[in-house]
Each structure stands twice: as C-alpha cells, then as structure tokens.
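Notes for the one structure printed next.
The shown structure was predicted, so the numbers you read here are calculated from the model rather than taken from an experiment.
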Amino acid sequence: MSVIVKIKKKFSFLFKWFLKKDRMKIGIYGPPNAGKTTLANRILRDWTGDVMGSVSEVPHETRRARLREGVKIEVNGKSVMLDIVDTPGLATKIDFHEFMKFGLSEEEAKKRAKEATEGVIEAIKWLDDLDGVLMVMDATEDPYTQVNVTIVGNIEARNIPLLIVANKIDLPNASPARIKAAFPQHPVVPVSALKGMNIDTLYREIAEKFG
Amino acid sequence: MEGVQLNLISKDRLDKMASMEKIRMILEEVKRGKIVVLESGLTPEEEAKLIELTMLEIDHDKFVGIEVESYPQKSRGFLGKIFGSSGGRLTVIGPANRLKTLQKSDEFIEALVSLGDR
Ligand SMILES: Nc1nc2c(ncn2[C@@H]2O[C@H](COP(=O)(O)OP(=O)(O)OP(=O)(O)O)[C@@H](O)[C@H]2O)c(=O)[nH]1
Ligand SMILES: [Mg+2]
C-alpha cells in the first residue's frame, strides 16, 4: 500500500467528517440467518413500500448482494437518504450437508453451497464501498463468533459508522445485553425485525448515526 | 503416533511475512488437516482476506472451510487510529471438520480438536 493511500486511510474518518455526503451507502452485514433481509424488507416496507428479497430459515438464502437506492428515512424532522445493500451472510465454513437437513436434495444443496461461497466473497468486496454499516446479530445466539469479530474489526479499520442491531428480541431467550457486553464500544439497538418491535428507536438511531 | 499436528508460529516469524504469504501458509496447512496457532494473530483485513480465499478453496467434499478462534481487538483510541499498529491477538485456525468452538468470551476460549474427519 502506498504511503498516500495509507495516510488517506488513516485520516479517512476526518475526511468523512468534513465532506459529509448527502447520500450514504449503508451495508447490512452479519452471519447467515441473523435476519438481515427481514430487516431490509421491514425498512423498505416502512419507507418505500417495496421489498428487498426472500427470507428463509435455511441459511445462505441471500447469495447475491442487493442494492436499493434512494431510501428516505425521516425522524423528528431529521431526514437521511440511504442506498441500502443487503449482503449475503458471512461464514468461515459452508457445508452442503447442513442444507440437506432442511430437505434439499444433494444436488440442490451443493449448488446452494457453491453460490453461498461466492456470496461471502461478494459481501466482503462490498465493504470497501460503504459509508456505514448496520450489523445484524441474532440476540438468541452467542455474539463472540469469529464472523462477528472480523466484521466489526473491518468496519473499525475503515473508520465508518457502525450500528449493531440485536435482532429477534421477540424470542424468549434473546439477550441484547450479551451483545452489548461483547461490543461495548458500539451502539446496540435491540429490535425484532419480524414483529417490528422497537423499530422506531432503530430509525431514530439510523437518522442520528448516518444523517 | 496418531494425532493432529499443531503448528505454533511465533510473532517474530509472522512479522517477517507479507499478508498474502501468511494467509497462503495458513490455508495450505489447514487444508492438510493441521491446526495453526499464530502468536500475534491477523489484522481484521487479513482475516477478511483469509475468509475470501477460504471460500475459493472450499471443494464441497474434503474441505468445507475453516474455524478461527481469536479475541476481539482491543479498541483503539484516536492516536491509535492514526498510528495504529497491526498487532493482532493470539489466533488458532483449523479445518472446520476438526476444530470446534465450545465456548468463547472476550478473554477465554474453549475449543475441541477432533482426530476424525467429521
Ligand atoms: N423470531 C424472529 N425470527 C426472525 C426475526 N428476523 C428474522 N427472523 C427469521 O430468521 C430467519 C432468517 O431470516 P433472514 O432475513 O432470511 O436472514 P438473513 O440474515 O437475511 O440470512 P441470509 O440471507 O441467509 O444470510 C427467517 O426464518 C426469519 O423469519 C425476528 O426478529 N424474530
Ligand atoms: Mg438474507
């Protein structure tokens, strides 16, 4: 990496502060099944009336990143214009046998696994093109996973704003507190993307953080 | 003697290697079924690159990916952001079918290494 690029990278958080964009490109990141697409669908439904993509209990449902441009979110007179990217779930391993447990044939499962590996690569590539990240974690699961640590580390290294969404708080064993304890340096907003619980708080935080 | 090979790589050795060299070395060893222990770990960017290259190596037969155990980076202050050093923390990487995380917190990791393939 050249010195100039390095210096630019180091100071990018200052540059960003001076040259605030009127439109922010926000990536939705997280492990498979965290509820990224469910959240994207909720945001689009509330602010544009359309949907982002299909949702499934089978992991790696999203295998291509999807971009929806010009989503305007308005809270208390404050408005932000966002381009939202729903990304494929990040993983360090993909075993097609997992998909067969959900009733897919071996052939379907292998095809899904192949596409899923490509999806992970695409999601990582998108990291370089973002102005902010909504990181979705399943609050019923252990937050100290390598995927979570790697995503948060990469966002910190790029100095772009991060909001952590502790999703699925409608489930009895959800613990947003565990996520807060794991990533104390970042704001954590507990929501249920499925049921819409606490979603207004999330919109307020989005307007604050990305506006 | 039957067993799983552990490669423990010192910080001194890692400091001499370029990013891609480290990542290639890790993947090669892990694909052979070995567990690699890095004294000083990887940077977040190197971790992302490792995941990317792992995805390209997955053959949906013998190699289904990796398991990585590391601690979250201690958050860096303003000066750290400008002059930030790249020193990661102790990291263990192995094939996903041999290394399994049992329990993990920000200061303690419990993992299981199995001999079998599955
Ligand atoms: N109970 C509950 N279930 C949820 C919630 N959000 C998502 N889900 C469910 O979790 C599963 C995965 O949801 P998706 O939105 O497809 O998850 P994703 O993160 O986009 O997953 P990938 O595209 O595979 O990476 C689905 O069965 C959803 O119905 C929630 O707030 N509460
Ligand atoms: Mg999805």
Side-chain angles (χ1 to χ4, degrees), chain A residues 1 6-7 9-14 29 60 88 90-99 106-107 109-128 141-159 178 181-186, chain B residues 19 30 41-61 63-84 86 88-89 91-111 118:
Chain A
M1 197 169 11
K6 229 173 190 163
I7 289 172
K9 241 181 119 184
K10 295 286 183 201
F11 284 97
S12 65
F13 65 107
L14 283 180
Y29 277 77
H60 298 284
L90 281 184
T92 59
K93 56 176 179 224
I94 294 169
D95 188 344
F96 74 92
H97 294 96
E98 286 297 310
F99 305 141
E106 182 168 336
E107 195 186 339
K110 280 189 168 159
K111 180 165 176 276
R112 190 183 184 93
K114 176 100 183 52
E115 291 171 359
T117 59
E118 292 161 5
V120 169
I121 294 171
E122 192 185 357
I124 292 173
K125 296 244 184 279
W126 263 102
L127 272 174
D128 290 323
E141 301 216 338
D142 183 2
Y144 289 99
T145 64
Q146 191 55 41
V147 161
N148 287 349
V149 169
T150 298
I151 299 174
V152 170
N154 271 275
I155 297 162
E156 287 173 349
R158 287 166 174 78
N159 287 305
R178 200 165 40 179
F183 301 98
Q185 68 275 37
H186 297 291
Chain B
S19 285
V30 168
L42 300 171
T43 65
E45 288 96 336
E46 286 167 348
E47 283 173 7
K49 198 77 205 164
L50 175 63
I51 294 178
E52 242 186 283
L53 294 188
T54 299
M55 290 299 124
L56 290 174
E57 296 286 337
I58 290 179
D59 57 12
H60 311 289
D61 178 27
F63 183 64
V64 296
I66 59 174
E67 188 78 32
V68 186
E69 318 283 355
S70 78
Y71 298 97
Q73 205 89 5
K74 289 259 190 277
S75 69
R76 296 177 295 169
F78 177 79
L79 288 177
K81 273 179 181 155
I82 296 171
F83 304 108
S86 58
R89 305 174 68 189
T91 301
V92 181
I93 303 159
N97 55 5
R98 285 211 157 152
L99 181 64
K100 191 170 172 282
T101 316
L102 295 180
Q103 224 190 0
K104 199 164 167 178
S105 75
D106 56 347
E107 44 191 30
F108 177 76
I109 295 171
E110 197 174 36
R118 227 159 248 296

Over all heavy atoms of both residues, which pair between [X] and [Y] is shortest? Give the atoms and the distance, please.
{"X": "A:A157", "Y": "B:E45", "result": "CB-OE2, 3.4 Å"}
{"X": "B:A48", "Y": "A:I124", "result": "O-CD1, 3.5 Å"}
{"X": "A:T92", "Y": "B:E67", "result": "OG1-CA, 4.4 Å"}
{"X": "B:E47", "Y": "A:T150", "result": "OE1-OG1, 2.8 Å"}
{"X": "A:G153", "Y": "B:P44", "result": "C-CB, 3.4 Å"}
{"X": "B:H60", "Y": "A:F96", "result": "O-CE2, 3.2 Å"}

Which bit of [X] is near chain A, if near means a heavy-atom gap under 4.5 Å: side chain, backbone, both or neither?
{"X": "B:E69", "result": "backbone"}
{"X": "B:I58", "result": "side chain"}
{"X": "B:T101", "result": "neither"}

[X] portion near chain B, given a 4.5 angstrom heavy-atom threshold:
{"X": "A:K114", "value": "both"}
{"X": "A:N154", "value": "both"}
{"X": "A:I94", "value": "both"}

Note to self: Working to the nearest 0.5 angstrom, can you tell me the gap between A:T117 OG1 and B:I51 CD1?
What the structure shows: 13.0 Å
Item checked: Identified side-chain contact (heavy atoms from CB on, under 4.5 Å) counterpart of A:Q146 within the set B:I93, B:T91, B:V68 -> B:V68
